[in-house]
Protein chains: 2
Amino acid sequence: MSSKLHDPFKTSFDSLDEYADLISQVLKCPITIEDANHRLLAYSTHDERTDPARISTIIGRRVPEKVINQLWKEGTIPTLLKTKEPIRVKNMEEIGLSHRVAISIWKQDEVLGFIWALEIDQSLKEEDLALLKKAADAVKNKLLQLQTRKNKKEERFQEFFWKLLTGHLKDQEEILEHFHALQINPPATFAILVFQFKKNISSKEEQWISYLLQTNQRIKILLYTIDCNQLIVLVSTDTFQNPFSELEQFVQVFVEKMNERYGIKDIISVFSSIYEDYQLIGKAYEETQSVLAIKNKFPYETKHIYNYHKLGIYQFFDLLLEKRKVEPYENYSLKKLHEYDQKHNSHLVKTLEVYLNNDANINDAAKELNVHANTLTYRLKRIAEIGEINFKDPNQKMMLYLDLKLEKYKGI
Amino acid sequence: MSSKLHDPFKTSFDSLDEYADLISQVLKCPITIEDANHRLLAYSTHDERTDPARISTIIGRRVPEKVINQLWKEGTIPTLLKTKEPIRVKNMEEIGLSHRVAISIWKQDEVLGFIWALEIDQSLKEEDLALLKKAADAVKNKLLQLQTRKNKKEERFQEFFWKLLTGHLKDQEEILEHFHALQINPPATFAILVFQFKKNISSKEEQWISYLLQTNQRIKILLYTIDCNQLIVLVSTDTFQNPFSELEQFVQVFVEKMNERYGIKDIISVFSSIYEDYQLIGKAYEETQSVLAIKNKFPYETKHIYNYHKLGIYQFFDLLLEKRKVEPYENYSLKKLHEYDQKHNSHLVKTLEVYLNNDANINDAAKELNVHANTLTYRLKRIAEIGEINFKDPNQKMMLYLDLKLEKYKGI
DNA sequence: ATACATTTTGGGGATTTTCACAAATGATCA
DNA sequence: TGATCATTTGTGAAAATCCCCAAAATGTAT
């Protein structure tokens with residue numbers, strides 16, 4: 001057998017499964033075909049030899065997330081996304097993966113999916129790899145068909161989602177019908193997630209996002225769409241024990257992966273409260289937007305805050321900023337401290353802020369300020385004197401904290 | 001000489017000073033005449049023997065405050081206010097007071113003033129005391145004249161003050177003219193003080209108030225008036241180093257004395273910021289009223305707060321209460337804790353509040369709660385679990401504090 | 001009534017924090 | 001330039017807080 005051999009895949013089948021079986025027969029090993037998001041498209045059945053990773057993939061109709069993660073870390077997937085050649089993947093027992101060969105399926109410069117060939121008994125030879133490459137080419141058209149069909153469905157998703165977000169669908173019955181028409185199981189409880197990117201999201205990035213959302217197995221994504229620099233997602237929270245911490249973990253992982261895998265940094269993410277009533281999707285969306293607005297104003301302070309409930313005092317900041325702009329109030333202590341800083345070019349205000357940020361913990365604050373704890377103690381003594389502050393009075397401390405944050409953003 | 005003796009005081013003089021000299025000549029000792037507020041009205045000059053207390057009184061044209069305080073504590077003044085008989089006052093070196101006899105001057109059941117007779121060389125005899133009583137009676141009419149003249153002046157004061165408080169006088173020049181017409185030296189800086197009594201202020205209480213204000217030497221009272229249950233005072237703050245702490249001390253002392261001397265409790269006192277512009281007296285007044293409104297809502301929390309600047313977060317409470325009424329927000333942690341309290345009839349919310357009131361100090365809070373410190377530690381651990389609270393996060397703590405206070409007063 | 005979970009209290013040691021003092025450095029002003 | 005004041009850092013002892021354990025008390029459910 002040479003690479004000039006007659007192409008055994010130049011036949012047309014109705015389903016991808018038949019392709020999988022054919023490839024399996026030719027190469028004499030189990031075959032799996034996935035789309036670009038590692039969803040299972042087809043798998044060969046004639047061969048019963050397999051490995052745990054493949055079993056999980058077939059059972060869950062998608063590649064398990066930890067396998068994907070491992071393949072990213074270890075470099076297989078990045079390579080597959082770069083080359084059209086078959087890639088040999090070594091044994092990775094810890095995730096139940098035995099020896100195998102993978103190849104990506106290309107349409108021009110875009111990856112449509114992957115074929116996996118397990119090397120259970122013997123390794124594939126050079127000519128087998130050439131055959132695999134031919135198989136990948138043959139499968140391409142079938143995948144393209146699937147994709148266009150998917151795109152059309154996608155458009156209907158988009159339309160529906162925007163109607164929900166903008167509150168155009170007022171009737172519960174109607175909404176449920178739409179869900180069913182799109183074959184989405186309507187969730188009992190849901191939330192809106194929004195990821196705000198630095199710049200408008202390009203179509204390349206859109207693909208990456210899509211990939212990340214599809215391959216995640218942490219959370220059930222119902223709908224998602226992109227609006228300028230925002231990725232808006234509707235997720236089901238039905239299966240969660242602690243919905244908020246689960247959502248928090250998810251957004252953190254998402255942001256982390258966008259950075260690790262694609263080098264996209266500074267994504268600001270938020271999510272809404274948990275709702276049951278589909279008519280309130282618009283409200284949930286508004287909620288995310290108001291949280292985003294505050295996070296944009298106070299990025300440092302709200303770094304670890306993702307939803308309205310956790311905003312804490314920042315919930316009030318719009319209101320308070322307004323009040324402060326209107327009335328001629330001035331915080332006496334802060335004024336004094338600013339004057340002192342000005343005169344002696346010291347950093348008492350900054351010191352105070354870090355101290356309060358750190359919950360009045362001298363050690364932590366000193367660490368953040370890179371000074372000796374005694375230095376901070378001394379400064380605080382001075383701050384208390386100059387600003388006439390009693391650090392034992394929670395009311396005073398709170399007011400200082402609020403006014404510190406408020407004066408930072410009075411200009412906005 | 002007997003008590004049936006011809007009355008030597010049955011003559012009429014133009015000024016009180018002449019009376020003082022006459023009495024001095026008859027009794028052969030220095031004489032001082034004061035009004036009901038211990039302001040010097042007249043003093044004899046023919047006799048040069050005197051004591052430090054009398055010197056200070058004459059120099060300052062009023063009895064020194066510490067002397068008045070001592071005479072109250074030791075019982076002289078209370079007795080003088082009860083009896084028409086002469087009272088012998090023993091030597092009190094610590095305040096520079098040598099032996100003397102005092103008598104009050106009465107018009108029906110009201111005390112108009114006092115006559116003091118110093119016993120420098122020899123004690124007054126029984127017949128001298130009888131003479132003194134006659135003298136007191138003779139002086140009465142002169143004092144009455146003074147008083148009615150004062151009352152008329154008082155009325156003009158009142159009218160002017162109310163015009164200032166209600167902002168009816170807009171012209172700086174005009175205001176200054178009024179001040180001068182009333183022989184008040186216009187202060188460079190001033191503040192408004194308001195004392196809110198439990199009940200409407202009776203005319204009896206009005207006299208006590210007047211007495212306390214007049215005899216105080218801590219602060220310069222420019223004008224005062226009474227409105228239902230409020231005493232409103234305009235004071236000069238020109239001579240103060242730390243105006244706020246001086247004002248604070250003054251109001252505390254005032255409230256204390258109203259209680260000690262007259263048994264009037266639960267006076268709520270506030271004062272405005274320091275102003276320079278007389279046109280802003282109305283604003284200062286409004287400020288006191290808004291602080292009073294908040295102190296009425298949060299009496300416990302604002303017990304030690306007297307002015308707007310010190311209100312701290314309570315400045316915002318009207319605004320925040322409004323916001324909370326409008327939107328359907330609920331503090332998740334507090335909700336959980338309330339539910340727990342309900343179910344297990346425990347006191348986690350109360351515990352949390354006391355803990356936060358005490359600036360997260362375990363010992364202080366435990367003391368206030370009358371439980372062992374370890375008990376509080378345990379409860380806090382439970383509170384953190386149940387309410388999903390991180391006590392190291394100042395934002396969370398602040399929000400809890402705010403919501404705790406807010407929910408207490410949502411009904412108002 | 002009994003078993004079980006929760007809460008309260010206490011002891012005592014480890015760990016931190018606080019405090020006072022001293023030395024060194026930096027800034028300021030005549 | 002020296003004298004003075006403000007600031008920073010270090011040290012070590014005293015005080016306080018934290019933490020773990022266990023016993024007792026209380027409440028709860030079967």
Side-chain angles (χ1 to χ4, degrees), chain A residues 241 332-394 396-398 400-401 404, chain B residues 241-242 333-394 396-398 400-401 404:
Chain A
Q241 286 299 99
Y332 174 79
S333 303
L334 287 184
K335 189 183 147 203
K336 287 276 174 169
L337 292 175
H338 275 300
E339 282 169 7
Y340 193 92
D341 276 354
Q342 196 80 42
K343 214 171 169 182
H344 302 81
N345 55 308
S346 49
H347 309 278
L348 296 188
V349 174
K350 183 70 204 163
T351 302
L352 177 60
E353 190 185 354
V354 172
Y355 174 69
L356 294 177
N357 279 342
N358 283 281
D359 193 39
N361 182 312
I362 301 230
N363 271 326
D364 295 355
K367 222 164 274 169
E368 188 173 330
L369 288 164
N370 294 316
V371 296
H372 193 279
N374 282 357
T375 306
L376 181 53
T377 314
Y378 172 76
R379 283 196 200 162
L380 287 171
K381 207 187 84 201
R382 300 283 294 133
I383 288 170
E385 283 167 14
I386 294 164
E388 295 175 31
I389 298 164
N390 170 16
F391 281 114
K392 291 283 162 66
D393 180 348
Q396 276 190 47
K397 282 201 302 192
M398 257 180 254
L400 280 171
Y401 188 88
L404 269 170
Chain B
Q241 286 298 100
N242 298 309
S333 303
L334 287 184
K335 188 182 146 205
K336 287 276 175 167
L337 291 175
H338 275 300
E339 282 169 7
Y340 192 92
D341 275 354
Q342 196 80 44
K343 215 169 166 183
H344 302 81
N345 54 306
S346 49
H347 310 279
L348 296 188
V349 174
K350 183 69 203 164
T351 302
L352 176 61
E353 190 185 355
V354 172
Y355 174 68
L356 293 177
N357 279 342
N358 283 282
D359 194 39
N361 182 312
I362 302 236
N363 271 326
D364 295 355
K367 222 163 276 169
E368 189 173 331
L369 288 165
N370 295 316
V371 296
H372 194 279
N374 282 357
T375 306
L376 181 53
T377 315
Y378 172 75
R379 284 197 199 160
L380 287 171
K381 209 188 82 200
R382 299 284 292 134
I383 289 171
E385 283 167 14
I386 294 165
E388 294 175 31
I389 298 164
N390 170 16
F391 280 114
K392 290 284 161 63
D393 181 347
Q396 277 190 47
K397 282 201 302 193
M398 260 180 254
L400 281 170
Y401 189 87
L404 269 170

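Protein chains get the first letters and strands the later ones, always in sequence-line order, with residue 1 at the start of each. Everything quoted here is computed from the prediction, not taken from an experiment.
Using a 4.0 Å cut-off, some side-chain N or O of A/H372 falls inside it from OP1 or OP2 of D/dG10. OP1 and OP2 of D/dT7 both lie 4.0 Å or more from every side-chain N or O belonging to A/R379. Listed pair A/R382 / D/dT7 meets the phosphate criterion, a side-chain N or O lying under 4.0 Å from OP1 or OP2. Taking 4.0 angstrom as the limit, B/T375 places none of its side-chain polar atoms (N or O) nearer than this to OP1 or OP2 of C/dT7.
Between the side chains of A/Y340 and A/R382, at least one donor-acceptor pair of N or O atoms lies under 3.5 Å.
Between B/H344 atom NE2 and C/dA5 atom C1' the separation is 10 Å, expressed in whole Å. Across the protein-nucleic acid pair, B/H347 atom NE2 and D/dG27 atom C1' stand 13 Å apart, rounded to whole Å. If you measure from atom CG of A/L376 to atom P of D/dG10, you get 14 Å, rounded to the nearest angstrom. Note: NZ (B/K392) to C1' (D/dC18) measures 10 Å, nearest angstrom. Put simply, OH on B/Y378 is 9 Å from C1' on C/dA5, counting in whole angstrom units. For A/I362 and D/dT17, the CD1 to P distance is 13 Å, given to the nearest whole Å. Rounded to a whole Å, the CD atom of A/E385 is 11 Å from the C1' atom of D/dA6. Between the CG atom of B/D341 and the C1' atom of C/dT7 there is a distance of 14 Å, rounded to whole Å.
Between B/K336 and B/E339 there is no salt bridge, since no side-chain nitrogen of the basic residue lies less than 4.0 Å from a carboxylate oxygen of the acidic one.
Taking every heavy atom of both residues into account, B/S333 and B/G387 meet most closely at OG-O, 2.7 Å. Minimum heavy-atom separation, B/L376 to B/T351: CD1-CG2, 3.4 Å. Of all heavy-atom pairs between A/V349 and A/D341, the closest is N-OD2, 3.0 Å.
For B/N361 and A/Y340, each mapped to the nucleotide of DNA chain D holding its nearest heavy atom, the one lying further toward the 5' end belongs to A/Y340. Comparing B/L348 and B/N374 along DNA chain C, the residue whose closest nucleotide (by nearest heavy atom) sits nearer the 5' end is B/L348.
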